[in-house]
Amino acid sequence: MNTLSAKQNIQAIVKAIKTEEALLRQKHPLLAHQNTLGLIILLLSLSALIGVGVLYYLTIIPAWMCIILAAIAASISHELEHDLIHKQYFSNQPLMHNFMMLTVWLMRPNTISPWYRRKMHLHHHKTSGTQQDLEERLVGNGIKNPFLRALVITDGLLGLVISQKRFKKEIDGFSFMSVFNAGFPIATAYFIILYSVIVFYIVNLFMPLSINSASWLLSIINVFEFLMVVLIVPNIIRSSSLNFVTSSMHYYGGVNNMLEQTHVLTSRLFMPFHLFCFNFGHTHTIHHFVPNQPFYLRQMLSNKALKVMKQHNVRFNDFESIKNANLYNH
């Protein structure tokens, strides 16, 4: 039985992660080229996203295959954005750094600006598990009602609208308009396209818009339908998977230290969701202990790191917490 204090357990975990990182960097000199690796991964994932869109446009692949492949490509861009928030790539070259920030936002248009999210995410590390953690609460963490939680997980805008009064009351300095405007113009365009297509088809059930509408309107709808397949629906799948995983693994309430901020999700039940969020639940807890690592490095050292974390009181697959609105039960 582990009789170490929380501080001693945390120190042991951090040391083990950093030791394994040092060994990997020594074994693989290529890891020293972090900026280049980040840029290559970005360009490859962007090319994959564009490529599957072209294949769908040419009717070489069906819509369902395009959606799945595009969602996987977009999930890589989320990991890159997370790294960029922690300034893992081109931190001393603003032009390249901001080019990468803009590109990952365009690949994931249903998110707020990564520049705004940086402030929110760094605040998350300071307040994880508390009422003040806006980032996690925006994606469903701490919500008891399963229907409300599902809504917040799948539609960030509706979730923000529904939760704004509670957030205003409970979160210091919360501003609905500040978060809402952080999506302009890319997330704004995303939601315009999404809701335009939804409204068009709902109205079309009762009025034959597809027959009676002007040709210019039908042309716009055709473009919107194409974007739904190659960008909008893939990102609904990507963000819903990520939101479900992250809001399941972060604790809310009862948190006193870093050991109690997250648990690790290795259960096979989460495998379909991990496919669209790059194994997030398996590796994100490592990030809470050592934030300044690129995502691919966390993947490489995860097996050894998780063994050490289990020995030092980090919980795994704490489904009881999910049932209790993410409460850390001592």
Plane angle bin for Phe280 and His284 - parallel if under 30°, tilted between 30 and 60°, otherwise perpendicular: parallel

Given the ring of Phe176, does Lys168 sit roughly above its face, with NZ or CZ under 6.0 Å from the centre of the six-membered ring and within 45° of the axis? no

If you look at every heavy atom in Tyr251 and Asn141, which pair is closest and at what distance? O-OD1, 3.6 Å

I'd like to know whether CE of Met177 has more than 12 heavy-atom contacts from other residues, nucleotides or ligands below 6.0 angstrom. yes

Is a side-chain donor-acceptor pair under 3.5 Å present for Asn110 with Ser239? yes

Who pairs with Glu81 by salt bridge (Lys or Arg N to Asp or Glu O under 4.0 Å), at least two apart in sequence or on another chain? Arg108, Arg117

Is it possible for you to say whether Val161 and Phe147 belong to one hydrophobic cluster, with membership spreading through side-chain heavy-atom contacts below 4.5 Å? no

Full working for side-chain hydrogen bond (donor to acceptor under 3.5 Å, both in side chains) between His78 and His82: CA-CA 6 Å; His78 168 80; His82 190 203; 5.3 Å; no

Can you classify the ring geometry of His287 versus His121 as parallel (below 30°), tilted (30 to 60°) or perpendicular (above 60°)? parallel

Return the minimal non-hydrogen interatomic distance between Ala305 and Ile17, and the atom names on each side. CB-CG1, 4.1 Å

Minimum-distance pair of heavy atoms, taken over all atoms of Ser248 and Asn326: O-ND2, 3.7 Å

With a cut-off of 3.5 Å and sequence neighbours excluded, list every side-chain donor-acceptor pair involving residues 33-40.
{"unit_1": "Gln34", "atom_1": "OE1", "unit_2": "Arg25", "atom_2": "NH2", "d": "2.9"}
{"unit_1": "Gln34", "atom_1": "NE2", "unit_2": "Gln88", "atom_2": "O", "d": "3.1"}
{"unit_1": "Gln34", "atom_1": "NE2", "unit_2": "Gln88", "atom_2": "OE1", "d": "3.1"}
{"unit_1": "Asn35", "atom_1": "OD1", "unit_2": "Phe90", "atom_2": "N", "d": "2.8"}

Measure the spacing between OG of Ser77 and CG of Leu84 and express it to the nearest 0.5 Å. 10.5 Å

Could you walk me through whether Val264 and Lys310 satisfy the side-chain contact (heavy atoms from CB on, under 4.5 Å) test, starting with their C-alpha distance in whole Å, then the side-chain angles of each, then the deciding distance to 0.1 Å, before giving a yes or no? CA-CA 9 Å; Val264 182; Lys310 184 172 282 188; over 6 Å; no

Hey, mind stepping through Lys15 and Val308 against side-chain contact (heavy atoms from CB on, under 4.5 Å) and telling me if it holds? CA-CA 10 Å; Lys15 182 180 179 180; Val308 175; over 6 Å; no

Report the distance from atom CE of Met107 to atom CD1 of Ile186, rounding to the nearest 0.5 Å. 12.5 Å

Salt bridge (Lys or Arg N to Asp or Glu O under 4.0 Å), that's the test. Do Arg315 and Glu320 meet it? Break it down for me. CA-CA 11 Å; Arg315 295 180 182 178; Glu320 196 64 33; over 6 Å; no

Given the side-chain rings of Phe270 and Phe244, with only the six-membered ring counted for Trp, is the space between their centroids under 6.0 Å? yes

I need the Leu231 CG to Leu194 CG distance, nearest 0.5 Å. 11.5 Å

Over 60° means perpendicular and under 30° means parallel, so classify the ring planes of Phe191 and Tyr195, tilted if in between. parallel

Treating Ile, Leu, Val, Met, Phe, Trp and Tyr as nodes and any side-chain heavy-atom pair under 4.5 angstrom as an edge, say whether Phe295 and Met101 lie in one connected cluster. yes

Flag for Tyr190-Asn235: side-chain donor and acceptor within less than 3.5 Å: no

Gap separating the CD atom of Glu170 from the NZ atom of Lys165, nearest 0.5 angstrom: 14.0 Å

What pair of heavy atoms forms the shortest contact from Tyr56 to Cys66, and how long is it? CB-SG, 3.7 Å

If I compare all heavy atoms of Ala70 with all of Leu49, which pair ends up nearest, and what's the gap? CB-CD1, 3.6 Å

Can you name the residues that form a side-chain hydrogen bond (donor to acceptor under 3.5 Å, both in side chains) with Glu20, not counting sequence neighbours? none

Check whether the side chains of Thr262 and Thr285 place a donor and an acceptor atom closer than 3.5 Å, and report yes or no. yes

If I compare all heavy atoms of His274 with all of Leu265, which pair ends up nearest, and what's the gap? CE1-O, 3.3 Å

Can you tell me how far the CZ atom of Phe278 sits from the OG1 atom of Thr283, to the nearest 0.5 Å? 8.5 Å

Could you check whether Asn329 and Ser321, counting side-chain N and O atoms only, form a donor-acceptor pair closer than 3.5 Å? no

Around Asn145, counting heavy atoms of other residues, nucleotides and ligands shown, do more than 12 lie under 6.0 Å from its CG? yes

Please check if the distance between the ring centroids of His250 and Tyr252 is under 6.0 Å. no

Report, as yes or no, whether the 6.0 Å neighbourhood of atom CZ on Phe224 holds more than 12 heavy atoms from other residues, nucleotides or ligands. yes

For the atom pair CG (Leu306) and CG (Leu301), what is the distance rounded to the nearest 0.5 Å? 9.0 Å

